[in-house]
Amino acid sequence: MRYSYPEMRSDPPEQSITGPNPSGGWDAHLYDDKHAFVWSMSSDLVDMLAPQPGEGVLDLGCGTGHLTAKIAECGAVTLGIDSAESMVRHAQQRYPRLRFETGDALTMDFDQQFDAIFSNAVLHWIRPPEEAARRMHRALKPGGRLVAELGTHGNVRRLVDAITAAREAVTSAAPPAEAPWYFPTLAQYCSLLEHHGLDVTYALAFDRPTPLDGGDAGMRNWTQMFGDRLLHGLDEKSRDAVIAVAEQGLRPALFHDGRWVADYRRLRVAAFRSR
Ligand code: BEZ
């Protein structure tokens, strides 16, 4: 029997919480153009999902839809959701035969359940993570599986420390009140999932040095796309100065052979709905 698409009941949130900055704005073209590593370096996560023909798969935080398309190529019936409308529009234009909707991990509510949820590089944007786990559990059929990758404890620590120190050195503006991302340890995330009825069958935390596109401008591009919250409240001139100081401090450790390599640390998990 072919799977039919669940309808999402929730309205999209008024403001994206998965976006890179407080206003939640994502530039989908820039994302694809200069930050394709986000999906290209994780495409083997789809192999871990092992999508089966006819099964219903939710791609939670689908971005520009490339991994959704890879899942759909296996014959699964996919629904890609993302809280950023620009991403959804871009994905829909690129893959017109697939279904994409604006939706959010904290408000998603479907009238049917999925065989599997897939999520790459998104769950670290979502707070509170408990609500995301509760909603994922509810969106899965009993026995349905979750395969996800997110930043783990220590992810981009050097980058963040350098930008924070540079901000303190360059400006007296108050720093952002709280860390913008959720980077749990392996143990923390496994217990969170298990507490919410998702039994973990696989978990791995690992360093994944990530080359950034753009040569010398790679760190600056990354900061503008993903680290915007660290520069919150600063004008253009102060931002430039903070990035320049951070670059200077980081160059010996993270700039090699003409490119920046970010100190990514990932967590991969597979779990299934056990109750
Ligand atoms: C990540 O995908 O690991 C990431 C994304 C945004 C900010 C920091 C890290």
Side-chain angles (χ1 to χ4, degrees), residues 16-28 30-46 48 59-68 82-84 86-87 104-105 118-127 129 132 147-167 175-186 188-189 203-214 218-232 239 242-243 246-247 250 253-254 260-269:
S16 159
I17 49 85
T18 61
N21 55 46
S23 64
W26 280 103
D27 180 331
L30 195 63
Y31 181 83
D32 252 7
D33 191 28
K34 293 214 164 69
H35 308 286
F37 65 83
V38 175
W39 53 271
S40 64
M41 287 189 79
S42 299
S43 68
D44 59 334
L45 195 65
V46 175
M48 220 173 114
D59 183 358
L60 177 58
C62 60
T64 44
H66 301 297
L67 296 182
T68 326
D82 202 286
S83 64
S86 63
M87 292 290 191
D104 193 283
F118 174 88
S119 184
N120 176 48
V122 166
L123 290 165
H124 49 235
W125 292 106
I126 316 277
R127 283 175 187 273
V147 171
E149 180 176 311
L150 64 155
T152 190
H153 188 65
N155 191 37
V156 292
R157 179 179 282 151
R158 282 185 150 171
L159 276 172
V160 171
D161 286 353
I163 295 167
T164 307
R167 184 183 169 125
E178 66 167 326
W181 311 293
Y182 167 65
F183 295 143
T185 64
L186 181 150
Q188 282 166 340
Y189 205 63
L204 180 69
F206 58 100
D207 288 323
R208 197 200 65 194
T210 298
L212 304 177
D213 285 342
M219 217 280 271
R220 179 168 292 266
N221 293 341
W222 184 92
T223 306
Q224 281 161 355
M225 187 84 189
F226 300 109
D228 196 73
R229 291 187 204 191
L230 300 170
L231 304 176
H232 187 51
R239 284 171 175 244
V242 169
I243 294 173
E247 279 178 337
L250 286 169
L254 298 187
W260 288 95
V261 180
D263 55 334
Y264 274 42
R265 212 175 136 64
R266 315 311 278 172
L267 173 60
R268 283 189 173 189
V269 288

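What's counted below: heavy atoms across the whole structure, side chains too, no hydrogens, waters or symmetry copies. Values in this document were obtained by computation on a predicted structure and should not be read as measured data. Heads up: numbering here begins at 1 and tracks the sequence. Read the numbers this way: they start at 1 and go in the same order the structure lists the ligands and their atoms.
Interface of Phe183 with ligand 1, defined as ligand atoms under 4.0 Å from a residue heavy atom, comprises 8 (C), 9 (C). Close approach of ligand 1 to Phe226 is summarised as follows: ligand atoms under 4.0 Å from at least one heavy atom of the residue are 6 (C), 7 (C).
Of all heavy-atom pairs between Phe226 and Trp181, the closest is O-CZ2, 3.1 Å.
Residue, atom and distance of the protein heavy atom nearest to atom 6 (C) of ligand 1 are Trp125 CZ2, 3.4 Å. Annotation: atom 5 (C) of ligand 1 to nearest protein heavy atom, His124 NE2, 3.7 Å. Protein heavy atom closest to atom 9 (C) of ligand 1, with residue, atom name and distance, is Asn155 ND2, 3.5 Å. Ranking protein heavy atoms by distance to atom 8 (C) of ligand 1, first place goes to Trp222 CZ2, 3.6 Å. The protein heavy atom nearest to atom 3 (O) of ligand 1 is Arg266 NH1, 2.3 Å.
Within the structure, the closest approach of Phe37 to ligand 1 does not fall below 4.0 Å when heavy atoms are considered. The shortest separation from a heavy atom of Arg265 to ligand 1 is not under 4.0 Å, leaving the residue out of contact.
In this structure, the side chain of Asp82 does not engage the main chain of Met87 through any donor-acceptor pair within 3.5 Å. In terms of modelled atom types and a separation under 3.5 Å, the side chain of Ser86 and the main chain of Asp27 share no donor-acceptor contact. A donor-acceptor pair under 3.5 Å links the side-chain atoms of Thr152 to the main chain of Pro184, judged by distance alone.
Between His124 and the choices Tyr189, Tyr182, Phe183, the ring-ring contact (aromatic ring centres under 6.0 Å, His included) rule is met once, by Phe183.
Ion pairing between Asp228 and Arg239 holds under the 4.0 Å rule for side-chain N and carboxylate O. For the pair Arg265 and Asp207, the salt-bridge criterion is met [side-chain N within less than 4.0 Å of a carboxylate O].
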